[in-house]
Amino acid sequence: MFGEPRRKDEGLLAAVNQAITGYLHLLESVPAEERNLQERRYIVWGRGFLRALDELEQSQFAAVSYGSKVTKTYIDEMSDTELDDYHRHLYFYKNAIIRLFAILDKLGHFMNERFRLKTEEIKARYSYFTVLRNMHTNHLYTKLEEQLYGLKVAYKVPVERLRNERNMEIHTINADLLDDLLQAAESKQSLDQRKKTENIQEHLKDLEIGCNMTFTASEKIFTYIRTLSESSGQYSPSN
C-alpha cells in the first residue's frame, strides 16, 4: 500500500509470534490422527491469533502512516488529497481499536477454556477483563495472573480511553449520551465555528500503548501455556 518492503518482524510482534508458534509446534508434534478435539481446536485458535495480531499491527501501521500525512488543524484548510488521507487515517485507527479489543476478548475466551476458569458462571457475556478479574479474585493461575493484572493496571487509563472509543464506534448511542454529545458539540461550536481534526497524535499514542499491552499479554499467555504443557506433558487439559 505504501510502496515499502515486506515487514520484518521484530520487537513485541516477533516475540508474540514466536510464543504462539512454539505452542503450535507442541500441538502439531502429536500425529494428526492422534490429536483430540481440544488439541485440534487449539491449533485452529493459535493460527487465528497469529493472523489477528498481524492484522492489528498492519492497521496500526496504516493509521500512523496516513496520520503522518495530515498537517492541517482545520478541515477547511485541507486539500482533497489531505482530506482523503485524514479519512483513511480515521478508518484504520478505528479498525485497529476494534481489532485490539476483539483479540483481547478472544484471549479471554481462550484462557477461560484452556484453564477451565468457568467465567461464564460469573457473567454470561464476559470479556478479557472479566476473565482477569475472575483469576485475580479467586487466585487462579497466579503466576500468569499477576503478570496480566500488572499490565492491566499499568495501562489502565489509555486503554480505557480506547475502550470508550471502541464502544462509541460499534454500539448504539443511548439517548442520554447522545444529548450530552450534542450539547458538548454545540458549546464547542459556539467558541469555534470551524471543524478541527481529531487529535491524531494523542490517539496514536494511546493506540501504541494498547497494541503493546495486547502483544505483551498474548506473549505472556502463550509462553506460560507452552511451559505448562511441556512440564505436564499434556498439550490440552485432561478430561
Side-chain angles (χ1 to χ4, degrees), residues 12-13 15-28 30 35-56 96-156 159-160 162-164 166-167 170-171 209-239:
L12 290 175
L13 184 61
V16 67
N17 284 343
Q18 289 171 7
I20 296 173
T21 301
Y23 179 56
L24 285 173
H25 286 166
L26 278 180
L27 294 171
E28 291 167 348
V30 178
R35 293 171 194 160
N36 61 37
L37 177 60
Q38 287 176 319
E39 288 164 348
R40 293 197 295 271
R41 290 185 66 199
Y42 294 159
I43 288 173
V44 173
W45 220 327
R47 291 171 180 169
F49 276 121
L50 287 174
R51 183 60 187 152
L53 290 163
D54 177 68
E55 291 170 348
L56 172 59
I97 61 176
I98 290 171
R99 290 181 180 278
L100 187 155
F101 286 100
I103 291 170
L104 288 176
D105 286 342
K106 288 175 183 176
L107 285 171
H109 281 267
F110 177 63
M111 286 193 297
N112 189 62
E113 180 172 322
R114 179 61 181 77
F115 300 138
R116 297 186 174 181
L117 301 175
K118 299 182 180 179
T119 308
E120 68 278 3
E121 295 179 2
I122 300 172
K123 187 177 181 181
R125 296 183 64 181
Y126 58 87
S127 70
Y128 168 79
F129 297 102
T130 315
V131 173
L132 278 195
R133 188 161 57 250
N134 179 21
M135 295 172 71
H136 184 71
T137 302
N138 295 296
H139 308 289
L140 304 171
Y141 292 87
T142 54
K143 186 175 181 180
L144 175 63
E145 180 275 322
E146 287 173 357
Q147 297 179 71
L148 299 179
Y149 200 81
L151 285 174
K152 177 193 173 209
V153 172
Y155 297 139
K156 180 179 180 179
V159 170
E160 188 64 29
L162 291 173
R163 182 158 58 174
N164 289 338
R166 186 281 308 263
N167 290 344
I170 67 174
H171 294 308
I209 291 171
C211 288
N212 288 347
M213 189 196 79
T214 303
F215 294 144
T216 303
S218 300
E219 187 274 330
K220 290 183 180 300
I221 290 166
F222 279 94
T223 297
Y224 180 86
I225 292 175
R226 179 184 178 184
T227 301
L228 190 68
S229 299
E230 288 176 332
S231 62
S232 67
Q234 293 179 336
Y235 306 148
S236 61
S238 58
N239 293 323

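Contact annotation: the side chain of Thr142 never approaches that of Tyr149 to less than 4.5 Å [non-hydrogen atoms, C-beta and beyond]. Residues Ile221 and Arg114 fail the side-chain proximity criterion, which asks for heavy atoms closer than 4.5 Å. By the 4.5 Å heavy-atom criterion applied to side chains, Ile122 and Thr137 are not counted as neighbours. Between Arg35 and Glu28, the closest side-chain pair of non-hydrogen atoms falls below 4.5 Å. Using a 4.5 Å cut-off on side-chain heavy atoms (C-beta onward), Val16 and Leu12 make no contact. For the pair Thr214/Cys211, no side-chain contact is recorded, criterion being any heavy-atom separation below 4.5 Å from C-beta on. For the pair Leu100 and Met213, the minimum side-chain heavy-atom distance is 4.5 Å or more.
Closest approach of Met111 to Leu144, counting heavy atoms only: SD-CD2, 4.1 Å. For Lys143 against Gln147, the heavy-atom pair with the smallest separation is O-NE2, 3.2 Å. Across Lys118 and Asn134, no two heavy atoms sit closer than the pair C-ND2, 4.4 Å. Across all non-hydrogen atoms, the minimal contact from Gly210 to Leu162 is CA-CD1, 3.9 Å.
With hydrogens and angles ignored, the 3.5 Å screen pairs a side-chain donor or acceptor of Asn36 with a backbone N or O of Gln38. Counting only distance, with no hydrogens or angles, the side chain of Thr21 and the backbone of Gln18 share no donor-acceptor pair below 3.5 Å. Remark: side-chain polar atoms of Arg99 are not paired, donor with acceptor, to backbone N or O of Ala52 under 3.5 angstrom.
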Check the pair Ile103 / Lys106 against side-chain contact (heavy atoms from CB on, under 4.5 Å), numbers first and verdict last.
-> CA-CA 5 Å; Ile103 291 170; Lys106 288 175 183 176; 5.6 Å; no
So Phe115 and Val131, side-chain contact (heavy atoms from CB on, under 4.5 Å) or not? Walk me through it.
-> CA-CA 11 Å; Phe115 300 138; Val131 173; over 6 Å; no
Would Leu53 and Ile20 count as a side-chain contact (heavy atoms from CB on, under 4.5 Å) if you check the C-alpha gap in whole Å, the side-chain angles of each, and the deciding distance to 0.1 Å?
-> CA-CA 11 Å; Leu53 290 163; Ile20 296 173; 3.6 Å; yes
CA sep, side-chain torsions, deciding dist, call: Tyr128, Lys152, side-chain contact (heavy atoms from CB on, under 4.5 Å) | CA-CA 10 Å; Tyr128 168 79; Lys152 177 193 173 209; 5.9 Å; no
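Annotation: the span from Tyr141 atom OH to Met135 atom CE amounts to 8.5 Å, rounded to 0.5 Å. Here the CG-CZ distance, from Asn167 to Phe101, works out to 8.0 Å after rounding to the nearest 0.5 Å. How far CD1 of Ile225 is from CG of Leu26: 11.0 Å, rounded to the nearest 0.5 Å. Taken to the nearest 0.5 Å, the CD atom of Glu219 stands 11.5 Å off from the CG atom of Leu13. Here the CG atom belonging to Leu132 is positioned 12.5 Å from the OH atom belonging to Tyr126, to the nearest 0.5 angstrom. Remark: Leu24 CG to Tyr42 OH distance equals 13.0 Å, nearest 0.5 Å.
Note: Phe110 and Phe49 have perpendicular aromatic rings, judged against thresholds of 30 and 60 degrees for the angle between ring planes.
Taking the ring axis of Phe129 as reference, the NZ or CZ atom of Arg163 stays within 45° of it and closer than 6.0 Å to the ring centre.
At most 12 heavy atoms of other shown residues, nucleotides or ligands fall within 6.0 angstrom of atom CZ in Arg41.
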